[in-house]
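Contents: one structure, followed by commentary.
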Amino acid sequence: MNYWLFKSEPDAWSWDQQVAKGDAGEEWGGVRNYQARNNMRAMKIGDRGFFYHSNQGKEIVGIVEVSAESAPDSTSDDPRWDCVHIRAIRPLARPVTLEACKTEPGLEEMALVKTSRLSVQPVTEAEWKIVCRMGGVEP
């Protein structure tokens with residue numbers, strides 16, 4: 001299994017909206033960055049990800065699962081853009097802020113800390129375990 005982080009501005013798409021989609025999940029469309037798109041192309045069904053509120057809150061608030069592999073993005077007629085579908089698994093017991101990640105040993109190289117603008121990022125297994133512990137959930 002691989003791990004990822006999905007960023008969303010909560011006023012555009014929030015954790016609560018993701019949860020409301022239930023098991024059907026939602027297309028993670030609208031991404032227009034080649035590196036983020038390539039990350040989605042590498043995802044497999046069952047991969048897990050953190051759901052991160054950017055701009056407002058700047059915190060990891062939940063865990064999602066890839067429910068459909070990369071396919072054409074319905075928000076674009078341009079064939080270059082793909083996206084996956086994700087579904088909410090569970091909220092974190094305690095949101096994990098960007099500031100907390102920046103000071104936590106073992107997260108110094110985390111993409112969220114190093115390349116914070118990338119909207120879909122890889123997360124290592126070690127980083128996954130650390131953030132889950134910080135958030136009060138089992139990895």
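Please read all numbers here as calculations on a predicted model, not as lab measurements.
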Under 3.5 Å donor-acceptor, Glu108 side chain and Gly106 backbone: yes

Does the side chain of Glu99 reach to within under 4.5 Å of the side chain of Lys58, using non-hydrogen atoms? no

Test item: Asn38 and Gln35 side chains (from C-beta on) under 4.5 Å apart, heavy atoms: no

Do His53 and Trp15 come close enough that some side-chain heavy atom pair is under 4.5 Å? yes

Please report the closest heavy-atom contact between Val96 and Cys101, naming both atoms and the distance. CG1-SG, 3.7 Å

Output yes when a side-chain donor or acceptor of Gln18 lies under 3.5 Å from a complementary backbone atom of Ile86, and no otherwise. yes

Keeping Arg37 on the side-chain end and Arg80 on the backbone end, is there a donor-acceptor pair under 3.5 Å? yes

Between Phe51 and Val66, is there shared hydrophobic-cluster membership here, with clusters defined by ILVMFWY side-chain heavy atoms closer than 4.5 Å? yes

Geometric class of the Trp128/Phe50 ring pair [parallel <30°, tilted 30-60°, perpendicular >60°]: parallel

What's the shortest heavy-atom distance between Val137 and Pro91, and which atoms? CG1-O, 3.8 Å

Would you sort out whether Tyr52 and Leu98 count as a side-chain contact (heavy atoms from CB on, under 4.5 Å), showing the intermediate values? CA-CA 9 Å; Tyr52 178 83; Leu98 174 59; 3.5 Å; yes

Is there side-chain contact between Ile63 and Cys132, with heavy atoms separated by less than 4.5 Å? yes

Quick one, Glu69 with Met43, criterion side-chain contact (heavy atoms from CB on, under 4.5 Å). Give me CA distance, side-chain angles, the key distance, then yes/no. CA-CA 6 Å; Glu69 292 182 11; Met43 293 177 187; over 6 Å; no

Locate the shortest heavy-atom distance separating Gly136 from Ala93; write the atom from each residue and the value. O-CB, 3.7 Å

Given the rule in the side-chain contact (heavy atoms from CB on, under 4.5 Å) test, do Glu104 and Val113 qualify, once you have shown the distances and angles that lead to the verdict? CA-CA 10 Å; Glu104 183 68 23; Val113 172; over 6 Å; no

Testing the basics here: between Ala36 and Ser119, what is the closest heavy-atom pair and its distance to 0.1 Å? CB-OG, 3.7 Å

Any donor-acceptor N/O pair, Ser70 side chain to Asp82 backbone, under 3.5 Å: no

I'd like to check Ile60 versus Leu112 (side-chain heavy atoms, cut-off strictly below 4.5 Å). Are they in contact? yes

Might you confirm whether atom CD of Glu138 has over 12 heavy atoms from other residues, nucleotides or ligands at distances under 6.0 Å? no

Checking side-chain contact (heavy atoms from CB on, under 4.5 Å) for the pair Val84/Phe6: CA distance, chi angles, key distance, verdict? CA-CA 11 Å; Val84 296; Phe6 296 85; 4.1 Å; yes

Point-to-point distance, once rounded to the nearest 0.5 Å, from NE2 of His85 to CE of Met40: 11.5 Å

In the structure I gave you, are the side-chain heavy atoms of Met110 and Gln121 within less than 4.5 Å of one another anywhere? no

So, using salt bridge (Lys or Arg N to Asp or Glu O under 4.0 Å) as the criterion, who are the partners of Asp23 when residues are at least two apart? Arg87

Under the side chain to side chain donor-acceptor pair (under 3.5 Å) rule, collect the residues that match up with Trp4, sequence neighbours excluded. Asp47

What one should report as the nearest heavy-atom pair of Ser54 and Pro10 is O-CD, 3.1 Å

Pair Ser76-Asp78, side-chain donor/acceptor within less than 3.5 Å: no

Gap between atom OG1 of Thr124 and atom NZ of Lys129 - 0.5 Å precision: 10.0 Å

Polar side-chain atom of Glu27 near backbone of Ser74 as donor-acceptor pair, under 3.5 Å: yes

Shared hydrophobic cluster for Val131 and Ile89 (ILVMFWY, side-chain gaps under 4.5 Å): yes

Heavy atoms of Asp73 and Val31 approach each other most closely as OD2-N, 4.0 Å

Looking at Met134, is its backbone amide N or carbonyl O close enough to the side chain of Arg94 to form a donor-acceptor pair, meaning the two atoms are under 3.5 Å apart? yes

